[in-house]
Amino acid sequence: MSILVTGGAGYIGSHTVVELLELGKEVVIIDDLSNASSKVIDRIENITGKRPAFYQLDVKDKNALRTVFEKEDIESAIHFAAFKAVGESVQKPGLYYENNLMGILALVEVMLEFDVKKIVFSSSATVYGSFNPSPYKEDMPVGVPTSPYGQTKVMCEQILRDIYVADNNWSISLLRYFNPIGAHESGLIGEDPSGIPNNLMPFIAQVAVGKREFLNIFGDDYDTEDGTCVRDYIHVVDLARGHVKALGKLDQDKQVYTYNLGSGKGTSVLELVNTFVQVTGVEVPYKIAPRRAGDLPVFYANADKALAELNWTTEKSIEDMCRDTWNWQSKNPNGYQG
Ligand code: UD1
């Protein structure tokens with residue numbers, strides 16, 4: 001029996017595949033490679049000694065998806081495949097709603113046809129919106145995210161909840177990620193953004209490796225200790241292990257589970273930059289720039305529920321995240337391009 005991982009060649013997907021393979025699970029990856037490289041499959045094999053089945057296809061393509069379900073013995077799915085650039089989603093909302101909603105709808109339709117009713121969904125802390133106070137707890141009402149990207153996460157969560165209401169034989173886990181950074185300690189897989197990175201850590205890493213001149217820190221006049229925004233950074237390997245635990249839980253009781261996957265600790269932009277410099281010994285020049293539209297001053301997780309119910313908690317520190325990011329970036333200055 002195999003676990004289908006959509007978007008399994010992507011940043012979080014590939015790290016999750018590694019954890020699954022290392023536990024002896026069978027994995028089938030589908031990925032259209034729109035934001036990933038086929039080299040990831042080789043790298044996964046280098047790390048684990050096992051080569052996952054891989055199909056290059058778009059999850060929205062139901063016929064292609066059916067052929068995978070016909071060939072492979074799939075028992076559950078982890079659904080990562082989606083567009084995720086917040087700024088781009090504001091510019092191209094139609095593209096985001098179409099891709100992210102049609103993707104999940106196609107997947108659950110085909111799963112239903114093949115009587116596969118276990119799914120872990122890649123959601124985001126952005127579903128808490130801007131009015132809930134931190135630390136965010138799973139029982140807070142879902143808020144209004146500031147971007148179409150965030151709205152697609154809210155809508156996908158709702159689609160899955162409704163599917164469960166219609167058929168209690170589904171077992172569903174909604175995982176709300178905080179800020180995933182870091183890389184596998186081998187330095188073989190990591191985050192490889194296309195174009196100018198939108199997110200903080202990939203930008204820091206590209207400045208450190210000399211691909212960009214300096215980092216813009218978006219605002220130092222927030223109501224926080226050092227004036228820069230505070231986020232809950234989580235090592236991608238910890239995050240990947242959270243998926244394994246969440247998947248295991250689906251076998252216990254058929255329900256809709258919702259978990260924050262975060263550390264429960266806040267770190268400011270300046271703290272992250274300073275830790276990166278300290279750990280790597282590499283300078284990261286920065287300038288203070290105006291605030292970025294839509295940024296919240298502070299958000300972090302209450303991570304108690306995942307600990308209590310999944311026996312999962314983060315194990316890696318901010319130092320580990322910086323070290324592993326640098327290991328990946330310095331070994332792969334151009335990402336998977338070589
Ligand atoms: C955003 C999204 C989140 C998404 C995540 C990963 C929102 C509210 N949050 O998180 O849903 O899952 O990206 O894609 O939409 N920063 C700089 N300079 C930079 C880049 C970032 O100072 O060049 C600062 C930002 O202002 C922010 C912090 O670093 O304060 C973290 O930013 P980022 O890594 O983009 O993540 P979020 O905005 O927290």
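Whatever order the structure lists them in is the order used to number ligands and atoms, beginning at 1.
For atom 33 (P) of ligand 1, the nearest protein heavy atom lies closer than 4.0 Å.
Between K249 and D251 there is no salt bridge, since no side-chain nitrogen of the basic residue lies less than 4.0 Å from a carboxylate oxygen of the acidic one. With respect to K39 and D42, no salt bridge is recorded, no charged nitrogen being found less than 4.0 Å from a carboxylate O. Taking 4.0 Å as the cut-off between side-chain N and carboxylate O, R176 and E157 count as a salt-bridged pair. Looking at K50 and E45, no side-chain N of the basic residue comes within less than 4.0 Å of a carboxylate O on the acidic one, giving no salt bridge. One finds no salt bridge joining E213 and K287 here, because no Lys/Arg side-chain nitrogen approaches an Asp/Glu carboxylate oxygen to under 4.0 Å.
Interface of N179 with ligand 1, defined as ligand atoms under 4.0 Å from a residue heavy atom, comprises 10 (O), 36 (O), 37 (P), 39 (O). Remark: ligand 1 atoms within the under-4.0 Å shell around heavy atoms of S124 are 11 (O), 12 (O). Atoms of ligand 1 found under 4.0 Å from any heavy atom of C229 (numbered from 1 in listed order, with element): 30 (O). Interface of V86 with ligand 1, defined as ligand atoms under 4.0 Å from a residue heavy atom, comprises 2 (C), 15 (O). Per-residue contacts place N216 under 4.0 angstrom from the following atoms of ligand 1 (heavy atoms of the residue considered): 17 (C), 18 (N), 19 (C), 22 (O), 23 (O). For ligand 1 and N198, the ligand atoms under 4.0 Å from any heavy atom of the residue are 20 (C), 35 (O).
The part of L215 lying near ligand 1 is the side chain, judged by heavy-atom distances below 4.0 Å. Under 4.0 angstrom from ligand 1, the non-hydrogen atoms of V269 all belong to its side chain. Under 4.0 angstrom from ligand 1, there are no non-hydrogen atoms of Y177. By the criterion of a heavy-atom distance under 4.0 Å, neither the backbone nor the side chain of F214 is placed next to ligand 1.
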Scan the side chains in residues 83-96 for donor-acceptor partners under 3.5 Å anywhere in the protein, sequence neighbours excluded, and list what turns up.
from : atom 1 : to   : atom 2 : distance (Å)
E88  : OE1    : Y96  : OH     : 2.5
S89  : OG     : V86  : O      : 2.7
S89  : OG     : Y149 : N      : 3.0
Y96  : OH     : A85  : N      : 3.1
Y96  : OH     : A85  : O      : 3.3

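Under the rule for a side chain to side chain contact (heavy atoms under 4.5 Å, CB included), the partners of D220 that lie at least two apart in sequence or sit in another chain are T228, I288.
Applying the side chain to side chain donor-acceptor pair (under 3.5 Å) test between S263 and each of D232, T314, N179 identifies D232 as the sole match.
Not a single heavy atom of Y222 sits under 4.0 Å from any atom of ligand 1.
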